[in-house]
J.: 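For reference, the structure I am asking about is given below.
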Amino acid sequence: MRKRVVVTGLGAVAPNGLGAEAFWEACLEGRSGIAPIEGFDATGFPVRIAGEVRGFKPVDWVPSRKALKIMGNNIRFGVAASQMAAEHAGLKEEPPDPARYGVVMGSGIVPTDLEEIGDAVLASLDEQGRFSTRRFGETGQKMLFPLWLLKHLPNMVAAHISIIQNAQGPNNTIVTACSAATQAIGEAFRIVQRGDADVVLTGGSDSRVDPLSLVAYSLLGAVSVSDRPPETVSRPFDRDRDGFVLGEGAACLVLESEEHARARGATIHAEVAGYGSAFDAYAVTQPEPEGWGASRAIEAALRDAEVSTEDVDYISAHGTSTLLNDRMETVAVKRVFDRGTRVPPLSSIKSMIGHLIGSAGAMEALVSVLAIRDGRVPPTINLENPDAECDLDYVPNEARELNVRTVVSNSFGFGGQNAVLVIREYNP
Amino acid sequence: LTQRRVVVTGLGAISPLGEGAEHNWQQMLRGASGIRLIDRLDVSTMEVRIAGEVVPLPEVEEDGLFPRLGIHSRFALVAGREAWRDAGLLDEPPEPTRAGVYLGAGKGIVEVWRIADALKAAKAGGDFDYPAFLRRAAETMDPSRREQERYYQAGTHLARAVGAQGPCWVCITACAAGNHAIGEAAAAIRHGDADVVLAGGTHSQIDLMSLAGYATLGALSTRNDEPHRASRPFDRKRDGFILGEGSAVLVLEELEHARQRGAHIRAEVVGYGNSADAYRSTDPHPEGVGAELAMRSALRSAGLEPGAIDYINAHGTSTSQNDAMETAAIKRIFGPRGEAPPVSSTKSMVGHLIAAAGALEALACVRALEEGILPPTVNYENPDPACDLDYVPNEPREARTVYAMNNSFGFGGQNIVTILRRYAD
């Protein structure tokens, strides 16, 4: 017997707001978190803007100073979002049975701290200025931070959260690029559904606003090099978009079995009703242009939720602001929904926060829950001149009042992984 | 509604013992060791100079998909294709949308020297000059190579290679990842998300930064003068694990799907437990509370009492902490020597394949169930009072085996346990 799975807590660390409510409010107001990079000096580089998290104090969220030392930014964001979500769900006052309390997070790469490894690498250069493995052994490696490795193990996001929350149940970190967080939430949903845990903290955290990622993404031609004002560069579905903007941050949801939530009298914000995933099996760095993998993932999620296309009120788009994605997503959505009925409105919050890669799907799932709670959907900002091939209702520029009962949340990965959630209004 | 059952219908492996699932199994029964002096890098000045390298590295035909693959992707393609072939799926491919890939993967090779030039430019004037770094890095970086080192690449390459369009899932739960992928793949098949899944792990971490990083944590053996004898799980004179590399992949399949196509069924996946120590990010829980919880969850999910288990393939890393902790946790569930089933660690022969370790160990469990032979723990010479179970020392052993338990405990405190059953109709 599959259990019903509900959402009882939310937390977010976003470029346009700290805390789930501040982030949500910013999204409804159409406020962008994209600005010139402050984390390091990017003067003269073609890409100089990003969605950075500002005003964030890790010490407010991480109880142990010692642990803080081995947490990179992505881990700090994830820990903070999970703390907020656990608190919001009332799990701090009444902690679940530790063995029945899990953590499943989506994540990305752990950026290399250049200043940290810089001296070690420079000390390993030979007379010709070339890296010498011998010298690395003799002198370079001794200049590394002794716990260097621990700081860079990507599974540490879920590990640190489990330690702080004393969550000893199922634990996982998933890294499938842009769909990682949606896959993580999908897996958390399955874990609660099949009864392996009562409560799971799930979502994603990522931070790629670092020099190496910036160089790599700009060489790959995926990020925008536009000279527009920063807050107008991310413009999904707009004719004049020219690539995505890197963002950073985390979002966390508390998923709980319906019976567990009701027994403790928790406030239920929404229900996770379905999950589907599919792989393009196409090219390495491009979505398959016809969006067949994307539409199969949407259909699988709807089937899993036993929801028909007519019941869907809103789609939280992947909408990266790249030509390929936005057209592919439009085609895929039309294929699934445009069968003599109507295509529901869809919007992309990436227009306001950029692309958070490993945590993107979590930010969008959180927004889906709040759209259901408040009956409002966030806009796609900067949508001034729609691309002729993107001809759906993208909720341009202004938030909209809408009776939202069922949401489809899309995530389509860089490498071809597609993952989709169906979230709906909770009715006992 | 009857519960969907999950069986193993194909095996593939590449490890320090060589290429091929059957070759690996035969080498394990011989008690062979794949641990040698590191050949790929100049490690003469490093504290740790031994590892389980795959020699030679496989040259994979790439189907024109991408010119240069990371080593972990090559390993996964070799093992995954072998498993696919072994299951007979080359000749009769499954419905693409019902086939998936679940892989455990880990941190790729960290090639710091590739950014040495940019770092030099950045530090030329003393303080770290970011604009100078960005300029030089943009001139010297090969972004596609960097892209290929990403954790998830092996999974996507393998899915493309076999045309699997169902779920493509990659986890990175360190030393537990390979076993984790098998547990989650089985759960996905049971739920109905797919009918056939390539499940396993792949990893290569034999690089300077990782060797230095693990050595600084005191986790690696420094028995450089006796590579073959360095990995000695449960032995009193063990002094750390040895980094290995490779991949093992299993074909997991829904029972009816396998029956209908007349597949050779090798074993059944019947139990899966997943837990976290929630203790420290630097150490496993000293009493193995999380390990015990995962073993108990796996038993419960299989509907088994501890007495049903005939063999445990241990995590058995050859570190002082793990082996004592694992022994204590096993004893709390299964009782002392005599009551507890035999336990062995195949890491004694291949070293620690990190994200691939649990998958290769699952493969050993499948073969042990099929053949009724337990692989040994080699280099077991000096009993440790803290490790007092039957570790199948040095020689393989014939034993009728119906249920095998596979333990994997990750750095960071993630514990994964799966239970496999000898297949009978």
Side-chain angles (χ1 to χ4, degrees), chain A residues 40-45 67 70 98-99 103 114-115 117-118 121-122 125 129 131 133-134 136-138 141 144 146 148-150 152-156 159-160 162-163 166-177 183 190 194 211 215-216 219-220 277-279 281 284 293 296 415-417, chain B residues 41-46 65-66 97 107 112-113 116 119-120 122-123 128 130-131 133-135 137-138 141 143 146 150-152 156 159-160 163-174 180 187 191 208 212-214 216-217 274-276 278-282 290 293 410-414:
Chain A
F40 54 93
D41 182 359
T43 312
F45 196 70
I70 52 169
V103 182
L114 296 172
E115 300 195 37
I117 64 158
V121 172
L122 293 178
L125 302 181
F131 186 89
T133 53
R134 251 164 207 278
F136 177 79
E138 280 159 9
Q141 64 167 331
L144 289 172
W148 178 86
L149 194 82
L150 289 181
H152 288 266
L153 290 175
N155 59 320
M156 285 297 169
H160 282 291
S162 74
I163 293 165
N166 191 27
Q168 299 176 20
N171 190 289
N172 194 12
T173 305
I174 294 181
V175 290
T176 33
Q183 286 203 358
R190 292 275 186 267
R194 66 180 184 244
V215 171
L219 290 175
L220 287 171
S277 79
F279 183 63
V284 178
R296 277 191 289 107
Q417 295 109 329
Chain B
L41 302 161
D42 177 359
V43 288
S44 53
T45 56
M46 300 289 285
L65 278 169
F66 210 84
T97 60
K107 196 164 180 59
V112 281
W113 56 89
L119 285 169
K120 217 160 54 177
K123 298 279 280 187
F128 202 96
Y130 278 97
F133 177 87
L134 293 170
R135 267 197 311 278
M141 184 193 284
R146 185 178 154 85
R150 297 227 187 279
Y151 313 107
Y152 60 83
T156 59
R160 266 183 221 105
Q165 297 177 7
C168 179
W169 178 102
V170 178
C171 80
I172 47 167
T173 33
H180 197 169
H191 186 89
L208 291 175
Y214 282 117
T216 317
L217 295 173
N274 176 341
S275 80
Y279 177 65
R280 284 185 194 159
S281 49
T282 44
L293 177 58
F411 233 65
Q414 283 117 342

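Labels below follow one simple rule: chain letters A, B, ... track the order of the sequence lines, proteins then strands, and each chain is numbered from 1.
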J.: Where does B:R280 contact chain A at under 4.5 Å (heavy atoms): side chain, backbone, both or neither?
T.: backbone
J.: Side-chain contact, heavy-atom cut-off 4.5 Å: B:F411 with A:L150?
T.: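 They are in contact (side-chain heavy atoms under 4.5 Å apart), so the answer is yes.
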J.: Test side-chain contact (heavy atoms from CB on, under 4.5 Å) on A:N172 and B:H180 and set out the steps.
T.: CA-CA 9 Å; A:N172 194 12; B:H180 197 169; 3.1 Å; yes
J.: Heavy-atom distance under 4.5 Å between the side chains of B:S275 and A:N171, does that happen here?
T.: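 No. Closest side-chain heavy atoms not under 4.5 Å.
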J.: Got a donor-acceptor contact below 3.5 angstrom from the B:K123 side chain to the A:G118 backbone?
T.: no
J.: Pick whichever of A:P146, A:A281, A:A67, A:G169 has the most heavy-atom pairs under 4.5 Å with chain B.
T.: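 Heavy-atom pair counts peak at A:G169.
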J.: Which is it for B:K120 and A:F131 under the side-chain contact (heavy atoms from CB on, under 4.5 Å) test, yes or no, and what are the steps along the way?
T.: CA-CA 11 Å; B:K120 217 160 54 177; A:F131 186 89; over 6 Å; no
J.: Side chain, backbone, both or neither: which part of A:L114 has a heavy atom under 4.5 Å from chain B?
T.: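 Looking at A:L114, backbone and side chain both touch chain B.
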J.: With a 4.5 Å limit on heavy-atom distance, are the side chains of B:R160 and A:F279 in contact?
T.: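 B:R160 reaches A:F279 side chain to side chain.
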J.: Contact part of A:A167 toward chain B, heavy-atom cut-off under 4.5 Å: side chain, backbone, both or neither?
T.: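 Backbone of A:A167 only, per the 4.5 Å heavy-atom cut-off to chain B.
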J.: Is any side-chain heavy atom of A:F45 closer than 4.5 Å to one of B:R135?
T.: no
J.: Based on non-hydrogen pairs under 4.5 Å, which of B:G166, B:G410, B:A116, B:A137 is most in contact with chain A?
T.: B:G166
J.: By a 4.5 Å heavy-atom criterion (distance strictly below it), what part of B:L293 contacts chain A: side chain, backbone, both, or neither?
T.: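 It is the side chain, since no backbone atom gets that close.
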J.: Does a side-chain heavy-atom distance below 4.5 Å link A:F40 with B:L134?
T.: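 Side chain of A:F40 against side chain of B:L134, heavy atoms only: contact under 4.5 Å found.
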J.: Donor-acceptor check, side chain of A:T133 to backbone of B:D42, threshold 3.5 angstrom: yes or no?
T.: yes
J.: Is it the backbone or the side chain of A:E138 that comes under 4.5 Å from a heavy atom of chain B, or both, or neither?
T.: both
J.: Is a side-chain donor-acceptor pair under 3.5 Å present for A:R190 with B:H191?
T.: yes
J.: Is any side-chain heavy atom of B:L217 closer than 4.5 Å to one of A:L149?
T.: yes
J.: Under a 4.5 Å cutoff for heavy-atom pairs, which residue among B:A212, B:C168, B:A174, B:G163 has the most contacts with chain A?
T.: B:C168
J.: Which heavy atom of B:T45 sits nearest a heavy atom of A:G137, and at what distance?
T.: OG1-CA, 3.2 Å
J.: Under the side-chain hydrogen bond (donor to acceptor under 3.5 Å, both in side chains) test, which residues partner A:R296, sequence neighbours left out?
T.: B:Q165
J.: Give, as side chain, backbone, both or neither, the part of B:F128 having an atom under 4.5 angstrom from any heavy atom of chain A.
T.: side chain
J.: Look at A:T173, A:N155, A:N166 and state which one has the largest set of heavy-atom pairs under 4.5 Å with chain B.
T.: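 The option with the most such pairs is A:N155.
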J.: Using non-hydrogen atoms only, which part of B:S44 is less than 4.5 Å away from chain A: side chain, backbone, both, or neither?
T.: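 The answer is the side chain of B:S44.
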J.: Please report the shortest heavy-atom distance between B:Y152 and A:V175, naming the atom on each side.
T.: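 What the structure gives for the nearest pair is CD2-O, 3.1 Å.
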J.: Does the side-chain contact (heavy atoms from CB on, under 4.5 Å) test come out yes or no for A:I174 and B:V170, once each step is laid out?
T.: CA-CA 6 Å; A:I174 294 181; B:V170 178; 6.0 Å; no
J.: Looking only at heavy atoms and a cut-off of under 4.5 Å, which of B:S281, B:G412, B:G213, B:A138 has the most pairs with chain A?
T.: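 Result: the option with the highest number of such pairs is B:S281.
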J.: If I measure from the heavy atoms of chain B, does A:Q168 come under 4.5 Å with its side chain, its backbone, both, or neither?
T.: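 Backbone plus side chain of A:Q168, per the 4.5 Å heavy-atom cut-off to chain B.
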J.: Return the option, out of A:Q141, A:R134, A:Q183, with the maximum number of heavy-atom pairs under 4.5 Å with chain B.
T.: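 If we count pairs closer than 4.5 Å to chain B, A:R134 comes out on top.
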J.: Examine whether an atom of B:A164 lies under 4.5 Å from a heavy atom of chain A, and if so say whether it belongs to the side chain, the backbone or both; otherwise answer neither.
T.: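 B:A164 touches chain A through backbone heavy atoms alone.
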J.: Using heavy-atom distances under 4.5 Å, tell me whether A:L122 contacts chain B through its side chain, its backbone, both, or neither.
T.: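 Contact with chain B is through the side chain of A:L122 alone.
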J.: At what distance, to the nearest 0.5 angstrom, does CG of B:L41 lie from CZ of A:F136?
T.: 10.5 Å
J.: How would you list, by chain and number, every residue that makes a side-chain contact (heavy atoms from CB on, under 4.5 Å) with A:A159, sequence neighbours excluded?
T.: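 By the side-chain contact (heavy atoms from CB on, under 4.5 Å) rule, A:A159 matches A:M156.
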